[in-house]
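One structure below.
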Amino acid sequence: MAKPKKISTLNQSIWPYVSPRYWPIWFGVGIAWLLAHLPWKLQRFLGKQVGRLLHKISPRRRNICLTNLKLCYPTMSQNERKQLAQKHFESMGMGFFEMLISWFFPVEHTAPRVTFSGEALLKKTFDQEKGCVIIGGHFSSIDLCGGQMTRFVKVHPIYKLQSNPVLNWIMERQRERTFEKTIERSNMREVVKTLKSNRAVWYAVDQDYGRKASVFAPFFGINCATIAHIGKVSRITDAPVLLYDYYRTETGYHISLQETPEGFPYPDDVDNAIAMNKMMEQLINTKKEQYFWTHRRFKTQQNEADKDPY
């Protein structure tokens, strides 16, 4: 059976999505709205409980997480990996509530809980008037912290359309409310416009997008498919590349923008992929439990005849 085509809903009204076939989804959205309005500390508590429950009832995701941890941290004991996996699921549970906050509240709602570092670097970067490419990874607070970044930099994130049209309708409007502009990941023309208007584009560079869009480079010592076009994007306007870090703290969230290694991006795509994966490793190692370990990072094998480890 063919997969449903993913299309943007930005130019569509809500009326096609209020038919009875979508009522269960809207019911779930209503529950999500209620959950988003719970007190922040209660959300954190409930998020941990949701994560613990998912850890118990989702053997497939648990296996992906443990497989990734075994591949990336071979010297870590089995007991340590199990403990880290449970903390990861708790973190993802908290991330679920943070996603709901980003859906139903403006960025000002969480702003008092967010700290930021990198103001001087941002000014130096945009004074060049070449735009900026921001690269980062997938951590469990990505939705909330991604919205908060707009308070400090005019950034146009690259996003992927969802197959569920109701969720697409909600998420595209949430992004439209939060960001000056968003760019569907296949729309390179809009990426060029953004850079030439001295704005930033934001790519998450740590997931497996398949063989066609990738080169292979070590990630925690294991070759994996890594997106290949960051150097090409940067060279459109000779735009500098900054590293985006963000994480959950005991009292809120911290966001930072940092310089990438001197000379990055390099002329060679593989060299760029190697450098990006090293940067991702450094970000991950400071907050292992918050990383997206349930993504099949090694699903595309360099040798097509080899089976993936999952």
Side-chain angles (χ1 to χ4, degrees), residues 32-33 35-52 54 84 86-123 125 132 134-159 171 174-175 177-180 182 200-207 242-260 279-295:
W33 185 92
L35 294 174
H37 286 75
L38 293 174
W40 185 74
K41 288 186 178 180
L42 179 58
Q43 288 178 331
R44 282 212 159 177
F45 172 78
L46 291 176
K48 285 186 177 182
Q49 307 316 308
V50 168
R52 289 171 184 170
L54 290 174
L84 180 54
Q86 180 159 329
K87 289 182 180 179
H88 161 73
F89 275 85
E90 291 176 0
S91 178
M92 296 299 284
M94 288 187 279
F96 168 73
F97 281 88
E98 291 158 355
M99 177 186 70
L100 300 184
I101 292 172
S102 74
W103 280 14
F104 299 113
F105 284 99
V107 294
E108 291 77 16
H109 176 77
T110 317
R113 298 188 181 275
V114 177
T115 56
F116 176 75
S117 57
E119 294 93 339
L121 177 60
L122 274 178
K123 184 179 186 309
T125 299
C132 174
I134 294 174
I135 61 172
H138 285 81
F139 295 89
S140 55
S141 56
I142 186 170
D143 292 285
L144 189 146
C145 289
Q148 289 298 317
M149 187 164 58
T150 62
R151 296 172 47 227
F152 310 104
V153 56
K154 290 181 178 178
V155 59
H156 300 167
I158 310 300
Y159 76 98
M171 293 175 70
Q174 174 266 326
R175 294 187 184 108
R177 183 186 69 233
T178 303
F179 298 97
E180 182 182 64
T182 57
V201 292
W202 167 26
Y203 285 92
V205 297
D206 62 325
Q207 293 198 339
L242 298 182
L243 179 63
Y244 170 45
D245 190 19
Y246 59 97
Y247 51 90
R248 185 185 301 112
T249 67
E250 289 298 318
T251 57
Y253 309 89
H254 183 70
I255 297 171
S256 70
L257 287 168
Q258 308 165 20
E259 289 185 304
T260 49
M279 286 184 265
M280 292 302 106
E281 290 173 21
Q282 291 168 1
L283 297 183
I284 292 165
N285 281 330
T286 62
K287 45 189 174 296
K288 296 182 182 73
E289 74 284 354
Q290 295 189 36
Y291 187 60
F292 268 34
W293 293 112
T294 45
H295 170 69

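Positions are given from 1 along the sequence.
- Taking each heavy atom of Thr110 and Val114 in turn, the nearest pair found is O-CG2, 3.6 Å.
- Under the 3.5 Å distance criterion, the side-chain polar atoms of Asp245 are left unmatched by any main-chain donor or acceptor of Ser256.
- For Phe104, the CZ atom counts as densely surrounded, since its 6.0 Å shell holds more than 12 non-hydrogen atoms of other residues, nucleotides or ligands.
- Inter-residue side-chain proximity for Thr251 and Arg113 is flagged as unmet; no heavy-atom pair is nearer than 4.5 Å.
- To the nearest 0.5 Å, atoms OG (Ser117) and CD1 (Ile255) are separated by 9.5 Å.
- Judged by distance alone, the side chain of Gln43 and the main-chain N or O of Leu35 form a donor-acceptor pair under 3.5 Å.
- If you take CD on Gln258 and CG on Leu242, they are separated by 9.5 Å, rounding to the nearest 0.5 Å.
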TODO: Give the intermediate values and the outcome of side chain to side chain contact (heavy atoms under 4.5 Å, CB included) for residues Ile135 and Met279.
DONE: CA-CA 10 Å; Ile135 61 172; Met279 286 184 265; 4.0 Å; yes
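- Phe96 CZ to Leu46 CG: the interatomic distance, rounded to the nearest 0.5 Å, is 10.5 Å.
- The CZ atom of Phe152 lies 7.5 Å from the CD atom of Glu119; values are rounded to the nearest 0.5 Å.
- For Trp103 (side chain) and Trp33 (main-chain N/O), no donor-acceptor pair under 3.5 Å exists by modelled atom type.
- The shortest heavy-atom contact between Thr286 and Gln282 is CG2-O, 3.6 Å.
- Of all heavy-atom pairs between Thr260 and Leu243, the closest is CG2-N, 3.9 Å.
- In this structure a side-chain-to-backbone donor-acceptor pair under 3.5 Å is missing from Ser91 to Lys87.
- Formation of a donor-acceptor pair under 3.5 Å by the Glu90 side chain with backbone atoms of Arg52 is not found in this model.
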- [ ] Please lay out, stage by stage, how His295 and His138 fare under the test side chain to side chain contact (heavy atoms under 4.5 Å, CB included).
- [x] CA-CA 9 Å; His295 170 69; His138 285 81; over 6 Å; no
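- No more than 12 heavy atoms of other residues, nucleotides or ligands lie within 6.0 Å of NZ in Lys48, so this atom counts as exposed by the packing criterion.
- The nearest pair of heavy atoms linking Gln148 to Val107 is NE2-O, 2.7 Å.
- Checked by atom type and distance alone, the side chain of Gln290 pairs as donor or acceptor with a backbone atom of Arg248 at under 3.5 Å.
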TODO: For Phe116 and Leu122, run side chain to side chain contact (heavy atoms under 4.5 Å, CB included): C-alpha distance rounded to whole Å, both residues' side-chain angles, the deciding distance at 0.1 Å, then the answer.
DONE: CA-CA 12 Å; Phe116 176 75; Leu122 274 178; 3.7 Å; yes
- [ ] Please lay out, stage by stage, how His88 and Ser140 fare under the test side-chain hydrogen bond (donor to acceptor under 3.5 Å, both in side chains).
- [x] CA-CA 9 Å; His88 161 73; Ser140 55; over 6 Å; no
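- Of all heavy-atom pairs between Ser102 and Asp143, the closest is OG-CB, 3.6 Å.
- Under the 4.5 Å side-chain criterion, counting only non-hydrogen atoms from C-beta, Ser141 is not in contact with Met94.
- The two atoms that bring Ile142 and Gly137 nearest to each other are CD1-O, 4.2 Å, heavy atoms only.
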Open item on the list: Is there a side chain to side chain contact (heavy atoms under 4.5 Å, CB included) between Val50 and Phe97? Walk through the geometry before answering.
Closed with: CA-CA 10 Å; Val50 168; Phe97 281 88; 4.2 Å; yes
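- To the nearest 0.5 Å, atoms CG (Leu144) and OG1 (Thr178) are separated by 10.0 Å.
- A cation-pi arrangement is present between Arg44 and Tyr253 under the rule of less than 6.0 angstrom and at most 45 degrees off the ring axis.
- Aromatic ring pairs are classed by plane angle as parallel below 30°, tilted from 30° to 60° and perpendicular above 60°; the pair Tyr244 and Trp202 is perpendicular.
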Task: Candidate pair Phe139 and Tyr246, rule ring pair (Phe, Tyr, Trp, His ring centres under 6.0 Å), full reasoning - done: CA-CA 8 Å; Phe139 295 89; Tyr246 59 97; 5.6 Å; yes
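- In this structure, CH2 on Trp293 lies 12.5 Å from CE on Met92, to the nearest 0.5 angstrom.
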